[in-house]
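Note that the coordinates shown come from a computational prediction; the quantities given were computed from them, not determined experimentally.
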Amino acid sequence: MELSAMQLPGLIIAAPSSNSGKTVLTLGLLRALANRGVRVVAAKTGPDYIDPAFQAAACREKCINLDPWAMSGDQIVALAQRQAGEKSLLLCEGVMGLFDGAADGSGSTADLAAMMNWPVVLVIDVKGQSASAAAVIAGFAGFRKDVKIAAVILNRVGSDRHRMMIETACREHLPEIPVIGAVRRSDALSLPERHLGLVQAGEHDALDVFLDQAAGIIAEDVNLDQLIGLVRGRKLAVGAGDGSDAVGIGIPPLGQHIAIARDTAFAFAYPHLLEDWRRQGAELSFFSPLADETPSNGANAVYLPGGYPELHGEQLANAGNFKAALAALAARNIPIYGECGGYMMLGEALIDATGQHHQMLGLLPLVTSFADRKLHLGYRTLVLSGATALGPVGTVLRGHEFHYASTIKADGTPLGNMATAIGDDLGSAGLMKGSVFGSFFHLICQ
């Protein structure tokens, strides 16, 4: 059969650096496009739990992560194709600065743009500059020949005169790169933050009001028709199957029925991981430790994702039904896996930022503390030291670490050995005891 070609339509919103306003601008674009009836879905470059939850709320569709460091090209294409489906546009928010990646330089937003042949809309925070913004754009446009800066949106513009000065410089020096928007400076385009980033989407009672307000501002200040006109994508062969249905992330399900903790204390579970478990035939159910709920009676595995248990220490310590149920499952050798916040929950105690001790599940010989905060951040590989539901001894997992907790006590058998993106040995990581295991490592794929 002769193969034809189809486009996987995408567009990337990127910036020269973090804190340029690209997240809120992306949210406004997603809601504005959705309100216009555009069939838009969202993606986020790299490891991030918080922004995708906002993006899902903005476009009223799930948001996925596309990680060019952790994932193979085939995995990214398959995930993007399944996410896009029959939609008109997959709008992807970048991470950090456009060319920033892991310590070895890989895994940047630019790498994703080049891989997927997606054009980049560069968001420039122009506060405190005028014509110099054109020089920044010129530098980014010429930095990599395989990355196309298709348009620019000026952010935090102070006045009409401010906008005019920048646009004049851009027309003179960069006539081939259109300025398709100039977003005014506004207190309405801000969201509260905490130590891991934005306060979670689920904690905003008036999130829809904020998103609609942001969409109204963005719709006035950005030419949405020009934005849509930029969309292009990687060509995919169709007609004989492209194999996307067969491409997974390589992580076996923890069990045939996985009970997953889900509430504001345990919200950091990657959609692509859960979806891949479903695609492998696993049933997923959800329960809230904060509400003192217990896993489904039919569950033969439990997953405690990351989150903010340190903000709910007393409530979790008093969740008697939840704690008794997990202890009973551990006694039956049911696999129980905890990541970061979930790992801390598996321990004996968690010490919060005020120094108060909270009794946790006691399933691992672990005590963690926020009394002396220290940032642990970066891509990681984890090589399993023992067989678990995630794989046999020697299985190499790819993911990341992002937390401020200190380990006061960690006795017993390590889960594995951890290394940085450039291979620097970080030593043993995590713990395993019977069927219970976990670490600060956030799993992305194998």
Close side-chain approach of [X] to [Y], heavy-atom, < 4.5 Å:
| X | Y | result |
| --- | --- | --- |
| V120 | L98 | yes |
| F286 | L274 | yes |
| V136 | F140 | yes |
| F54 | T23 | no |
| R279 | R82 | yes |
| D276 | Q280 | yes |
| R184 | D160 | no |
| V126 | H162 | yes |

To the nearest 0.5 Å, tell me how far [X] [atom1] sits from [Y] [atom2].
| X | Y | atom1 | atom2 | value |
| --- | --- | --- | --- | --- |
| L227 | L89 | CG | CG | 7.0 Å |
| D212 | R31 | CG | CZ | 4.5 Å |
| S106 | Y379 | OG | OH | 8.0 Å |
| D292 | N318 | CG | CG | 9.0 Å |
| M116 | D111 | CE | CG | 13.0 Å |
| L27 | K22 | CG | NZ | 12.0 Å |

Tell me the closest heavy-atom pair linking [X] and [Y], and the distance in Å.
| X | Y | result |
| --- | --- | --- |
| S288 | E293 | N-OE1, 2.8 Å |
| P253 | I258 | CB-CD1, 4.1 Å |
| P47 | H400 | CB-CD2, 3.3 Å |
| A43 | L66 | CB-CD1, 3.9 Å |
| V24 | F210 | CG1-CZ, 4.0 Å |
| V40 | C59 | O-CB, 4.0 Å |

Checklist entry - K87: what forms a side-chain hydrogen bond (donor to acceptor under 3.5 Å, both in side chains) with it, not counting sequence neighbours? => result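 Here the qualifying residues are E61.
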[Y] backbone acceptor or donor facing [X] side chain under 3.5 Å:
| X | Y | answer |
| --- | --- | --- |
| D263 | L290 | yes |
| T45 | E93 | yes |
| K44 | C92 | no |
| N35 | A32 | no |
| S132 | Q129 | no |
| S130 | I166 | no |
| S406 | D372 | yes |
| T388 | L390 | yes |
| R156 | I124 | no |
| Q81 | A78 | no |

Exercise. Would you check, one step at a time, whether the test side-chain contact (heavy atoms from CB on, under 4.5 Å) holds for L91 with V41?
Key: CA-CA 6 Å; L91 190 67; V41 288; over 6 Å; no
Practice item. Specify whether Y404 and F402 have parallel, tilted or perpendicular ring planes, treating 30° as the upper limit for parallel and 60° as the lower limit for perpendicular. Key: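 Because their plane-to-plane angle lies in the 30° to 60° range, the rings of Y404 and F402 count as tilted.
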Pairs under 3.5 angstrom only: tabulate donor-acceptor contacts from the side chains of residues 439-446 to other protein residues two or more places apart or in another chain.
| unit_1 | atom_1 | unit_2 | atom_2 | d |
| --- | --- | --- | --- | --- |
| S439 | OG | F441 | N | 3.1 |
| H442 | ND1 | Y49 | OH | 3.0 |

Flag the pair [X] and [Y] as a salt bridge only when some basic side-chain nitrogen lies within less than 4.0 angstrom of an acidic carboxylate oxygen.
| X | Y | result |
| --- | --- | --- |
| K127 | D125 | no |
| R380 | D424 | no |
| E283 | R278 | no |
| R398 | D67 | no |

With no hydrogens and no angle check, do the side chains of [X] and [Y] hold a donor and an acceptor under 3.5 Å apart?
| X | Y | result |
| --- | --- | --- |
| N65 | D48 | no |
| H358 | D352 | yes |
| Y303 | E339 | yes |
| D51 | Q55 | no |
| H312 | E314 | no |

side-chain contact (heavy atoms from CB on, under 4.5 Å) for Q75 and H272? Distances and angles first, verdict last. CA-CA 10 Å; Q75 288 171 330; H272 70 262; over 6 Å; no
- Query: Around atom CG of D425, are there more than 12 heavy atoms of other residues, nucleotides or ligands at under 6.0 Å?
  - Reply: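 Yes.
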Only pairs under 3.5 Å count here: list side-chain donor-acceptor contacts from residues 175-183, not counting sequence neighbours, and write none if there are none.
none

Q: Dump the intermediate steps for side-chain contact (heavy atoms from CB on, under 4.5 Å) on I218 and L25, then the final yes or no.
A: CA-CA 7 Å; I218 297 303; L25 193 144; 4.2 Å; yes
Consider side chain to side chain contact (heavy atoms under 4.5 Å, CB included). Of L415, L304, T407, L364, which one does Y343 pass it with?
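Passing option: L364.
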Please test N417 against T381 for side-chain contact (heavy atoms from CB on, under 4.5 Å), starting from the C-alpha separation and ending with a verdict. CA-CA 8 Å; N417 199 81; T381 57; over 6 Å; no
